[in-house]
Amino acid sequence: MSLSIGVIGTGYVGLVSGVCFAEQGNTVWCMDVDTEKVTHLRQGKSTIYEPGLEPMLQRNVHEGRLHFTDDLRMAVRNATVIFLCLPTPPDEDGSADVRYVLQTAEDIAAIVREENLGGRRIIVTRSTVPVGTSDKVREIFRRVAPDADLRVASNPEFMSEGNAVQETLAPDRVVIGSSDPEVVAVLRELYRPFVNDYDRPLIVMDEKSAEVTKYASNAFLALRISFMNELSRYCEAVGADVEFVRLGMSFDPRIGRRYLHPGIGFGGSCLPKDIRALSRSAQEAGAPLRLVEWTDRINREQLERFVNRIRERFGGSIAGRRFAVWGLAFKPNSDDVREAPSLKVIAALLGDGATICAYDPEAIETARRVVGERIEYARDMYHALVGADALIIATEWGEFRSPDWQRMKTALRGHVIFDGRNLWNPDELAARGFEYYAIGRRSYAP
Ligand code: UGA
């Protein structure tokens, strides 16, 4: 059955969800307060870099199932299921700020009351919200529109950038938090094309458990990475190779292969923010999550260690040195630089008086908006190397993996590489005449 859906907020979560709901035959009203964004989207132009998204967006706009508006009223009037996909930025103490979610809930209730809109509407929180948010939204509805039939549910998303379309259309699981059978029935119907009974289940639980599931999932992924990053230090100390250890562990199906890659730490708009918010919430609840707290701490230390290694290599002072940085996005196949480890490394090196020339296949413009002209941006990966004392690998883009070694050697003045993503084999790099520093593996220093 085709449903009429509202999506409030066209950031990552909202835009991908809205397009995918339309792709499955629903009529979708995406609303955003940013009118410029809305204009772009109406023209079929994606406002984020996400493989596969733009053609799907264009097709659904063209076929009249996908609408964009900056008027919340349009979405509220037309939709019976409304997804709140709004940002929950960190507060000063790290906890998630739910201001936008609660304000929008209030606005929706006011519209329903003022326009005397009849019929049931289900308001679903889809972006990451702290435990108890659904209760707060319900409270708002009771207060602002006591006579309206406004229901609440939680439906956290689990997609990751770069794979968001695929992971939304064929998710590992869909989590629905609601104790209301009518609400569950509608959401089951909506998600029927996305799930199956064998390996992509729809899991129904209470709202609070759904809200915690989201944080717990991200925290566990982050914990795996921090475990490997801490292990990489141990491997270095005892002369083991963390990449062999990872491989040896990862074929145990109880452990699995993913999220075990050591590096310069995890970044992005979700993992770092979510573990801090979860830690804060756990402390407030009097049930601190110590592993999660350490996950964050290890992540910060990992980056500091990497920067310190660069400093030490140049005798403690890198003022006046020039570095090439390959990779600005927080991960490959993305133009997102939010909490990107690359930018933290760059900030530290600039702070020490170094100069930088960076290259990224997709994220130069997004990085420029943050870093400005304090660094140089190269037109290609080899151009970034010209005259540099060392190369720093910050993101593992595929095109960096098999470079033209001769061109690299010619352009890079100092044949020194600090590989924050373990792209290459240390023995091979040494044989090619590079001084090579990797993570948790043998380094080849002079
Ligand atoms: C993350 C989660 O993976 C999604 O499931 C979740 O839905 C999303 O947050 C969210 O809450 O919206 P994302 O932020 O796109 O997705 O990024 P990830 O692919 O998880 O990568 C996060 C960081 O971890 C990156 O900086 C990446 O380089 C790093 N990473 C990842 C490692 O250092 N090692 C690994 O083995 C894997």
Side-chain angles (χ1 to χ4, degrees), residues 9 11-17 48-51 85-90 96 125-130 155-168 171-175 210-232 242-243 245-247 249-250 255-278 295-296 298-300 302-303 306 327-345 360 363 393-397 400 419-423 439-440:
Y12 234 95
V13 176
L15 184 58
V16 176
S17 304
I48 53 171
Y49 171 78
E50 190 59 43
C85 301
L86 296 151
T88 48
T125 50
R126 184 148 169 83
S127 47
T128 307
V129 293
N155 168 224
E157 56 75 31
F158 300 103
M159 66 200 180
S160 56
E161 293 187 19
N163 309 305
V165 172
Q166 183 53 25
E167 287 174 359
T168 303
D172 299 323
R173 79 293 204 192
V174 169
V175 168
E211 289 164 344
V212 174
T213 299
K214 169 66 195 192
Y215 279 103
S217 301
N218 273 1
F220 195 73
L221 294 173
L223 185 141
R224 284 169 68 96
I225 301 168
S226 274
F227 176 83
M228 292 309 292
N229 282 338
E230 196 170 41
L231 193 73
S232 73
V242 74
E243 290 298 332
V245 178
R246 177 179 66 76
L247 208 60
M249 291 164 66
S250 65
I255 296 173
R257 296 193 200 168
R258 304 185 64 195
Y259 284 82
L260 291 180
H261 292 274
I264 43 172
F266 52 82
S269 64
C270 306
L271 262 45
K273 162 174 93 66
D274 289 355
I275 57 170
R276 277 169 225 150
L278 179 60
T295 295
D296 187 25
I298 293 165
N299 196 49
R300 293 169 199 253
Q302 187 72 359
L303 194 117
F306 185 73
L328 291 166
F330 82 102
K331 67 173 187 184
N333 300 321
S334 169
D335 66 351
D336 196 340
V337 297
R338 286 176 288 176
E339 293 252 1
S342 62
L343 297 197
K344 293 183 181 162
V345 171
D360 188 285
I393 307 287
T395 317
E396 67 279 28
W397 283 94
F400 300 159
D419 182 354
R421 298 291 182 177
N422 284 355
L423 286 190
I439 307 281

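Each residue takes its place number in the sequence, starting with 1. Order of listing sets the numbers, starting from 1, for every ligand and every atom in it.
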One should read off an interatomic distance between His261 NE2 and Asn422 CG, to the nearest 0.5 angstrom, of 10.0 Å

For Leu223, does its backbone N or O pair with a side-chain atom of Ser226 as donor and acceptor, under 3.5 Å? no

Please evaluate residues Asn155 and Val174 with respect to the criterion side chain to side chain contact (heavy atoms under 4.5 Å, CB included), reporting the C-alpha separation (whole Å), side-chain torsions for both, the decisive distance (0.1 Å), and the verdict. CA-CA 8 Å; Asn155 168 224; Val174 169; 3.8 Å; yes

Candidate list Arg300, Lys344, Lys273, test salt bridge (charged side-chain N to carboxylate O under 4.0 Å, His left out), partner Glu339, passing option: Lys344

Expected contact list for ligand 1 at under 4.0 angstrom, heavy-atom basis, is Glu157, Phe158, Met159, Ser160, Glu161, Lys214, Asn218, Leu221, Ile225, Tyr259, Leu260, His261, Phe266, Gly267, Cys270, Leu271, Asp274, Phe330, Lys331, Arg421

For Lys331, check side-chain hydrogen bond (donor to acceptor under 3.5 Å, both in side chains) against everything at least two apart and list the hits. none

Identify the two heavy atoms, one from Phe306 and one from Ile393, that lie closest to each other, and give their separation to 0.1 Å. CZ-O, 4.4 Å

